[in-house]
There are 2 protein chains.
Amino acid sequence: MQIITIQPEVIFQALADETRLRIIRLLVVTGEESCLCEFVDSLLEPSYKLSRHLKILRQAGLLSSQKEGRWVYHRLVVKPPYLELLYSTVSALPDSGGAYSADLQRFRKRLCLRKGGRCQIGIQSEEFKTKAG
Amino acid sequence: MQIITIQPEVIFQALADETRLRIIRLLVVTGEESCLCEFVDSLLEPSYKLSRHLKILRQAGLLSSQKEGRWVYHRLVVKPPYLELLYSTVSALPDSGGAYSADLQRFRKRLCLRKGGRCQIGIQSEEFKTKAG
DNA sequence: TGCATACTTGCACTATAGCGCTAGTAATAG
DNA sequence: CTATTACTAGCGCTATAGTGCAAGTATGCA
């Protein structure tokens, strides 16, 4: 990991998207780390879409990702102090329409399906899988 | 002022631009309110550009603007708690390259030219005025 | 009344962001 | 070895954001 020049606007750019904000909020509120298929089942968005947003968050320095077998786990980066402040801001945001709490509800339910603290079952919401050939 | 539905990503969108972040940082660090021509002389950007960015910040709910004669003063909105947290985040951001402190230095210098606590002199850096007609 | 000026805005252009689709890669299960 | 599947990436499309230029509005001064 090399940090050459930090451009602060990239951090805000990373959160300037509804889907990415939904991802970050789940991680901020629960303190969890999670894999793609758990996000798919929680946010009910196609996997290729979430995969790309996760990449953007990683490149912005907000997420670190670690591969475990077939799964890739994503967790929040908390090292520079301004990131902690940023997450405090995120968790203080209003939830107009209850969209975030719906995500959270699905996320918690999905976490119950883990075995040994890890996802073992893949995407459950069939219509959001990547329909491979 | 009517708030119908707050979309949190609009707030981050507002800060996802270098120029707008420079504006907000000046106001966060100094606690001042300021008019367009003072921003022009501090950021050394053309007035039409800054005027548009100020409008975006206003529409995002980060700035409130008040006309006083020929001048329009812009100040930070601090009411919802998450905005205070947001400004804490902004003030904790690194200043790679010293661009922000250069802005700040010009801004403080420019504030010294006020009379009676108000800007009375207009844009000083000639090349950044709007060349009308 | 006319001019200077602080500020805003319409227009055209360019760059980029987000998307769906689809194919591809890698790892595991049987 | 083969099939399944978690995840990624390329392609083309569309929408939008940021910009410079130039015109327009509004306020105050002489």
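Throughout, protein chains are lettered first and strands after them, A, B, ... in sequence-line order, and every chain is numbered starting at 1.
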Heavy-atom side-chain proximity of B:L93 to B:R25 below 4.5 angstrom: yes
Basic-acidic side-chain contact under 4.0 Å: A:R22, A:E45: yes
Atom-to-atom span, CD1 of B:I123 to P of C:dT8 - whole angstrom: 11 Å
Phosphate OP1/OP2 of C:dC7 contacted by B:Y48 side-chain N/O (<4.0 Å): no
Test item: B:K129 and B:V40 side chains (from C-beta on) under 4.5 Å apart, heavy atoms: no
Within 6.0 Å of CD in A:Q105, more than 12 heavy atoms from elsewhere: no
Contact under 4.0 Å: B:S51 side-chain N or O vs C:dC7 OP1/OP2: no
A:K129, nearest nucleotide to its side chain (from C:dG10, D:dA6, C:dG18): D:dA6
B:W71 side chain near B:C37 side chain, heavy-atom distance below 4.5 Å: yes
Donor-acceptor contact below 3.5 Å, side chain A:R20 vs main chain A:Q13: yes
Dump every N/O contact between nucleotides 28-30 of chain D and the protein below 3.5 Å, one line per pair.
none

Sugar-phosphate, base or nothing in reach of B:R58, heavy atoms under 4.0 Å: sugar-phosphate
B:R114 with B:E38: basic N within carboxylate O range, under 4.0 Å: yes
Atom pair distance, as rounded to whole Å: CZ in B:F128 and P in D:dG20: 10 Å
Check: B:R20 side chain, D:dG18 base, donor-acceptor under 3.5 Å: no
Whole-Å distance separating the CG atom of B:L50 from the P atom of D:dG20: 10 Å
Residue B:K49, side-chain atoms from C-beta onward, closest of C:dT8, C:dC21, D:dG20: D:dG20
Whole-Å distance separating the OH atom of A:Y73 from the P atom of D:dT8: 13 Å
Interatomic distance where CD belongs to B:Q13 and C1' belongs to D:dA17 [whole Å]: 8 Å
Which nucleotide in C:dC21, D:dC7, C:dA26 has an atom nearest any side-chain atom of A:K67: C:dA26
Members of residues 107-117 of chain A that approach DNA chain D, where some heavy atom sits under 4.0 Å away: none
Rounded distance in Å - CG (A:L63) to C1' (D:dC7): 15 Å
Length of the CZ-P vector between B:R52 and C:dC13, whole Å: 16 Å
Touch class at under 4.0 angstrom, heavy-atom based, for A:I121 against every strand present: sugar-phosphate
From D:dG20, D:dA6, C:dC19, nucleotide with atom closest to B:P46 side chain: D:dG20
Side-chain donor-acceptor contact under 3.5 Å, A:D41 with A:S125: yes
Any side-chain donor near an acceptor of the partner, A:S42 and A:R110, under 3.5 Å: no
Value in whole Å for how far the C1' atom of C:dA17 lies from CG of B:D17: 14 Å
Below 4.0 Å: OP1/OP2 of D:dA17 and any side-chain N or O of B:H53: no
Parallel, tilted or perpendicular: rings of B:F12 and A:F12 (30°, 60°): parallel
